[in-house]
Amino acid sequence: MDVTDKRLPAGRRGLTRAEVASSQRGRIIAALFDTVAAKGYPATTIGDIVGRAEVSRRTFYEHFAGKQECFLTAFDQAVADIGVRLAAALADVPKDDWRTRLRRSWHTFLTALAEHPTAAWSLYVETFSAGPALIERTSAVNAGFAELFRKLHHRARHADPTVPAVPAAVFDLYIGGTAERIRHCLHTGGAAALPGLTDLFEATMLALMGQVDQVSRSGD
């Protein structure tokens, strides 16, 4: 997730308007994640965000209509950035090598969250207090992740006829369960501990496929 607070060098000579705007937008999004993680979404104000981002209120409103639109944009950017990171991580893995794709997907995803702890907290904890639009967006993303695992299961069955059929709704439950475990880890171990969930998430999916005894320990 590219939510780094990228500040411009002193002086803006030679920078385009688009470069300045991109820097401002990135700083605002990073500031939103940092403030929401520190204070909670309901208590976070526009003043908090612009103060941390070191931009004016006018600049904020040039980019966003308000706090919720900023959070929605930050959410969408984080999801898109993770999508790019997953695609890169899986680029050299054959599509029929579903076990490697399973493990590497979770390892990549959880590592990305660990590298951006305030974003992870905001996306997994604070979305529930950010209003119906954020909750709906979260549900849509979870549904998309569930579909990815349904497709992975389909490939696994194609490659290995011993893999049992699984009701489609099971993958929605799987994603819901992993999300809850991520939240639990954030509360108890912090974001740095998230990559340690890779083994558990892999083993759970293998159990659904009737192959729990074949959990990989090879790493990435």
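The chain is numbered in sequence order, starting from 1.
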| said: Please confirm whether the ring centroid of Phe75 lies under 6.0 Å from the ring centroid of Phe71. | reply: no
| said: Can you tell me which residue among Glu62, His63, Glu19, Glu54 is in a side chain to side chain donor-acceptor pair (under 3.5 Å) with Gln24? | reply: His63
| Quick one: which of Asp199, Val93, Leu206 gives a side-chain contact (heavy atoms from CB on, under 4.5 Å) with Arg103? | Asp199
| query | Counting only N and O atoms by type, is there a donor-acceptor contact under 3.5 Å from the side chain of Arg157 to the main-chain atoms of Val163? | reply | yes
| task | Using the side-chain contact (heavy atoms from CB on, under 4.5 Å) rule, take Ile175 and Phe171 through it: C-alpha gap first, then chi angles, then the decisive distance, then the call. | result | CA-CA 6 Å; Ile175 292 301; Phe171 297 97; 5.8 Å; no
| field | Qualifying ring-ring contact (aromatic ring centres under 6.0 Å, His included) pairs, either residue in residues 76-103, two or more places apart | value | none
| Do the side chains of Ser105 and Leu90 get nearer than 4.5 Å, heavy atoms only? | yes
| Which residue pairs pass the ring-ring contact (aromatic ring centres under 6.0 Å, His included) test with at least one member in residues 117-137, sequence neighbours excluded? | Trp121-His187
| field | Sequence-distant partners of Gln68, side-chain contact (heavy atoms from CB on, under 4.5 Å), two or more places apart | value | Tyr41, Leu72, Ala133, Leu134
| said: Just to verify, what does Glu147 make a salt bridge (charged side-chain N to carboxylate O under 4.0 Å, His left out) with, not counting sequence neighbours? | reply: Arg150
| task | Give the cluster check for Val84 versus Leu110: same hydrophobic cluster or not, with ILVMFWY residues linked at side-chain heavy-atom distances below 4.5 Å. | result | no
| message | Can you confirm whether more than 12 heavy atoms, excluding those of Lys39, are under 6.0 Å from its NZ atom? | response | yes
| said: Testing the basics here: between Ile46 and Gly66, what is the closest heavy-atom pair and its distance to 0.1 Å? | reply: CD1-C, 4.3 Å
| request: Might you point out which heavy atoms bring Ala112 and Ile82 nearest each other, and give the distance in Å? | output: CB-CG1, 4.4 Å
| field | Between Glu126 and Ser129: side-chain donor-acceptor atoms closer than 3.5 Å | value | yes
| query | Hey, does Leu123 have a side-chain heavy atom less than 4.5 Å from the side chain of Val79? | reply | no
| Is there a donor-acceptor contact under 3.5 Å linking the side chains of Thr73 and Asp76? | no
| task | May I have the step-by-step check of side-chain contact (heavy atoms from CB on, under 4.5 Å) for Arg27 and Thr59, ending in yes or no? | result | CA-CA 11 Å; Arg27 285 155 51 195; Thr59 296; over 6 Å; no
| task | Could you pull out all residues at least two apart from Phe109 that satisfy ring pair (Phe, Tyr, Trp, His ring centres under 6.0 Å)? | result | Trp106, Phe145
| task | Answer with yes or no whether the side chains of Asp48 and Thr45 bring together a donor and an acceptor at under 3.5 Å. | result | yes
| Can you check side-chain contact (heavy atoms from CB on, under 4.5 Å) on Phe149 and Val166, steps first, answer last? | CA-CA 11 Å; Phe149 284 101; Val166 177; over 6 Å; no
| message | Testing the basics here: between Ala114 and Ala191, what is the closest heavy-atom pair and its distance to 0.1 Å? | response | CB-O, 3.3 Å
| query | Checking side-chain contact (heavy atoms from CB on, under 4.5 Å) against Arg52, which of Asp34, Ile28, Thr44, Leu32 comes through? | reply | Asp34
| task | Ignoring hydrogens and angles, tell me if any N or O in the side chain of Glu180 forms a donor-acceptor pair with the backbone of Gly176 under 3.5 Å. | result | no
| task | For residues His158 and Asp96, determine if any side-chain heavy atom of one lies less than 4.5 Å from a side-chain heavy atom of the other. | result | no
| message | Membership question, hydrophobic clusters at under 4.5 Å side-chain separation (ILVMFWY): are Val170 and Leu148 in the same one? | response | yes
| request: Applying side-chain contact (heavy atoms from CB on, under 4.5 Å), run through Glu202 and Arg99 and close with a yes or a no. | output: CA-CA 9 Å; Glu202 179 188 22; Arg99 290 177 187 165; 5.6 Å; no
| Among the clusters formed by ILVMFWY side chains lying less than 4.5 Å apart, do Val141 and Ile135 turn up in the same one? | no
| query | Should Ile49 and Val36 count as side-chain neighbours, where that means a heavy-atom distance under 4.5 Å? | reply | no
| query | Lys95: what forms a salt bridge (charged side-chain N to carboxylate O under 4.0 Å, His left out) with it, not counting sequence neighbours? | reply | none
| query | Do side-chain atoms of Arg57 reach the backbone of Val50 as a donor and acceptor pair under 3.5 angstrom? | reply | no
| Do the non-hydrogen side-chain atoms of Leu102 and Phe201 ever get within less than 4.5 Å of each other? | no
| How long is the gap from CE on Met205 to OG1 on Thr178, to the nearest 0.5 Å? | 8.5 Å
| query | Would one find more than 12 heavy atoms of other residues, nucleotides or ligands at under 6.0 Å from atom CZ of Arg155? | reply | yes
| Can you find a heavy atom in the side chain of Asn142 that is under 4.5 Å from one in the side chain of Ser139? | no
| query | Side chain of Ser122, backbone of Phe33: donor and acceptor closer than 3.5 Å? | reply | yes
| Going by atom types alone, do Thr108 and Thr111 pair a side-chain donor with an acceptor below 3.5 Å? | no
